[in-house]
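Only one structure is covered here, and it is reproduced in the block below.
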There are 2 protein chains.
Amino acid sequence: MAIRPAEQLIHKAAWLYYAHGLRQDEVANQLNISRASVAMYLRKARETGIVNISTSTQLFTDDVMARRLEDALKLDAVWIAPENAYLADPSTDIAVLAASVFLELVRKGDRIGVAWGRTVYTIADIMSYADLQDVTVVQLCGNLGAPYSYRPDQCTMEIARRLNAKGLNFYAPLVLSTEALAQGLRAEPVIRDQLAGISDCDLALYSIGAVDADSHLVKCGALTAAEMAALRKEGAAGVIAGQIIDAGGELLDCSYNRRVISAGLASLRVIGKRLMVVQEDSKFEPLLAAIAGGLCTHLVVGAHMAQRLLDHAGASAEKAS
Amino acid sequence: MAIRPAEQLIHKAAWLYYAHGLRQDEVANQLNISRASVAMYLRKARETGIVNISTSTQLFTDDVMARRLEDALKLDAVWIAPENAYLADPSTDIAVLAASVFLELVRKGDRIGVAWGRTVYTIADIMSYADLQDVTVVQLCGNLGAPYSYRPDQCTMEIARRLNAKGLNFYAPLVLSTEALAQGLRAEPVIRDQLAGISDCDLALYSIGAVDADSHLVKCGALTAAEMAALRKEGAAGVIAGQIIDAGGELLDCSYNRRVISAGLASLRVIGKRLMVVQEDSKFEPLLAAIAGGLCTHLVVGAHMAQRLLDHAGASAEKAS
DNA sequence: CACGGCTCTCGACAAAAGTCAAATTTGGAT
DNA sequence: ATCCAAATTTGACTTTTGTCGAGAGCCGTG
């Protein structure tokens, strides 16, 4: 991709510095360049993923609460960000953790499905770079012509860029005005192939949306606040990959869902690792719905949300007995 | 393993510094400790593998020569350390590369077989630390009561320590004085289980030994220089995991081999990734034998050796046509 | 409870790394 | 061949990090 000589030099500098443990000035005279250049090369090496610095996320799964949640909710793994213990901004903490977890879950050669939303974009934004050329990042749902920077295609592309991976976008609106048109578009080869390829993913990254006037669906004009409220009455519990699910985690039977171009829930459930990240405490019910529907195998949440989930699971168990 | 509070602090410091990108002094007042302590914790975090710094080894496989070697020798991957281009000591360069490649090949949950020798021990010695608790490192061959620090059990244990993995040693001599005794010992449950477990490995790490008076087998008293010379006349081409192979990479039919307690070549060939590392140019013929015998799928060598291998492969091809 | 041995922590200094504007080189267009 | 714009490189400076010995806390022992 890039030109040879520059890449080569960056790699050599990174190799001598990180692998051999030389100092920057030692690297500088090995390569006959100034130390300042070495410093610059090393920054580039980190930014391009030639060197990887990763921190183990063990501590966040080792937590007793995380273990109990895994059991209670039958999830493969749970990470809990210890709220307000670390930084001023609590949501950043969750995103940083999610980004690390994500990078830990990615394997070479993987195909990764990425949905969209503020959470996903925040993760993409703080994610460190990696060198995973044979990875493919695919977009899970259609686009919204939003004024926001976290459009589905943006999320996909940004993550692909960070990973040095291939990004596979598809350009269809998330929601159309008639069911017939949506059906027709889904049958288009370009779109059909993209949607069919989703079930081949090894890993999915998404968050869950709330069914309220603050939802991106409302902000981006896909639905009006009134329509949203109506859907809520009809049993809408959450939004996943642009689609509305009920409390059981199944697709809600409504006109909106039939007009959407997105990854079917069945395709999502086939994906081996489904990483769900939830930042806001307000998304408690939506998250319960997603878990009930088996849309999540790996979960990253804040401590407060974790406690609520655990209380809920405990209460349900008690009621059942 | 270690005490809670210290581990926790190390992890927190590492998290804030490496994942969130705070400066050491910022971390220090977040945690209410001095910056000096933070620096110390961070060093410990690196030393225990809580943070991982790895450099991509791409450049060394991307090399045209490496690609051609892969084709010519039918190997899965070849890495070539550009000799004398980097550092004073050429063999260190190969070992550093080999260690990085090794860490790149290891996956969580893997079982790893490790042989012994100066090369393997050098690799273990410069290998950086990682956090791979569910990995198991098994010893491929019996021990030699050597005065050297690179005994089979040492190599296994050191690598296990670096990886924070489980080390599985077995305490049998590499070679016994009679075939009957060797047979009896191989039938011992402890030994039998260990040997049987070798074929379950996902990754093997070894080098190749030369058949000469400098061999460790001679230095450690397993064979006399005269015996070695005799074996050479009988067709011995190399030493792998303590066993003697002929030019075709098959076990040489000799008393010595029948008296050895080690991983059978068949078990080794079953292992998915067989990483062979060769430092010395003098090991050209032994390496050819190992490759001929399918004992190596991944190879790390110096540029000079790579050139010789390529020339040889070219010459053979020409002769054949 | 006083004592040594032990680890952990800190302040101060030294070393190394990061940064920036100026200077130089590079590559391309005319 | 000549020029200009963009990118690269550098020296000088600032900030950040690493290190070390001194001192503080801790614990089992005499």
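Hydrogens, waters and symmetry mates are skipped; everything else that's a heavy atom, side chains included, is used.
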Exercise for the section: State, to 0.1 Å, how close A:A95 and A:T122 come at their nearest heavy-atom pair, and which atoms those are. Expected result: CB-CG2, 3.8 Å
Exercise for the section: Using a cut-off of strictly less than 4.0 Å, decide whether A:S37 has a side-chain nitrogen or oxygen near OP1 or OP2 of D:dT9. Expected result: no
Exercise for the section: Round to the nearest Å and state the distance from A:Y17 atom OH to D:dT17 atom P. Expected result: 11 Å
Handout entry: A:Y41 side chain near D:dT8 phosphate (N/O to OP1/OP2, under 4.0 Å)
Key = no
Exercise for the section: To the nearest Å, give me how far apart CG (A:D25) and P (D:dT10) are. Expected result: 14 Å
Fill in the blank from the handout: Testing C:dC10, D:dG11, C:dA17 for proximity to the side chain of A:R35, the answer is C:dA17
Practice task
Name the residue closer to the 5' end of DNA chain D, choosing between A:K44 and A:A36 according to the nucleotide with the nearest heavy atom.
Solution key: A:K44
Exercise for the section: Please report, rounded to the nearest Å, how far the P atom of D:dT17 is from the CG atom of B:L16. Expected result: 13 Å
Handout entry: Phosphate OP1/OP2 of C:dG18 contacted by A:Q24 side-chain N/O (<4.0 Å)
Key = yes
Exercise for the section: Output the single nucleotide from C:dT9, D:dT17, D:dT10 whose closest atom is nearest the side chain of A:S34. Expected result: D:dT10
Practice task
Calculate the interatomic distance between A:Y18 atom OH and C:dA17 atom C1'; express it in whole Å.
Solution key: 10 Å
Exercise for the section: Check the distance between C:dT9's P and B:L42's CG and give it to me in whole angstrom. Expected result: 14 Å
Exercise for the section: Would you indicate which nucleotide in D:dT9, D:dT19, C:dT9 comes nearest to any side-chain atom of A:M40? Expected result: D:dT9
Handout entry: Sugar-phosphate only, base, or nothing, as touched by B:I33 at under 4.0 Å among non-hydrogen atoms
Key = sugar-phosphate
Practice task
Could you check how far CG of A:L9 sits from P of C:dT26, rounded to whole Å?
Solution key: 13 Å
Exercise for the section: Establish, with yes or no, whether the OP1 or OP2 oxygen of D:dT14 is under 4.0 angstrom from a side-chain nitrogen or oxygen of B:R23. Expected result: no
Exercise for the section: Output yes when at least one side-chain N/O atom of A:R43 is less than 4.0 Å from OP1 or OP2 of C:dA17, else no. Expected result: no
Problem - Salt bridge present between A:R161 and A:E158 (N-O < 4.0 angstrom) - result: yes
Practice task
Kindly give the heavy-atom pair with the smallest separation between A:I80 and A:L97, and that separation in Å.
Solution key: C-CD2, 4.0 Å
Problem - Pair B:S37-B:S34, side-chain donor/acceptor within less than 3.5 Å - result: yes
Exercise for the section: Scan side-chain atoms only and decide if B:R46 and B:Y18 contain a donor-acceptor pair under the 3.5 Å cut-off. Expected result: yes
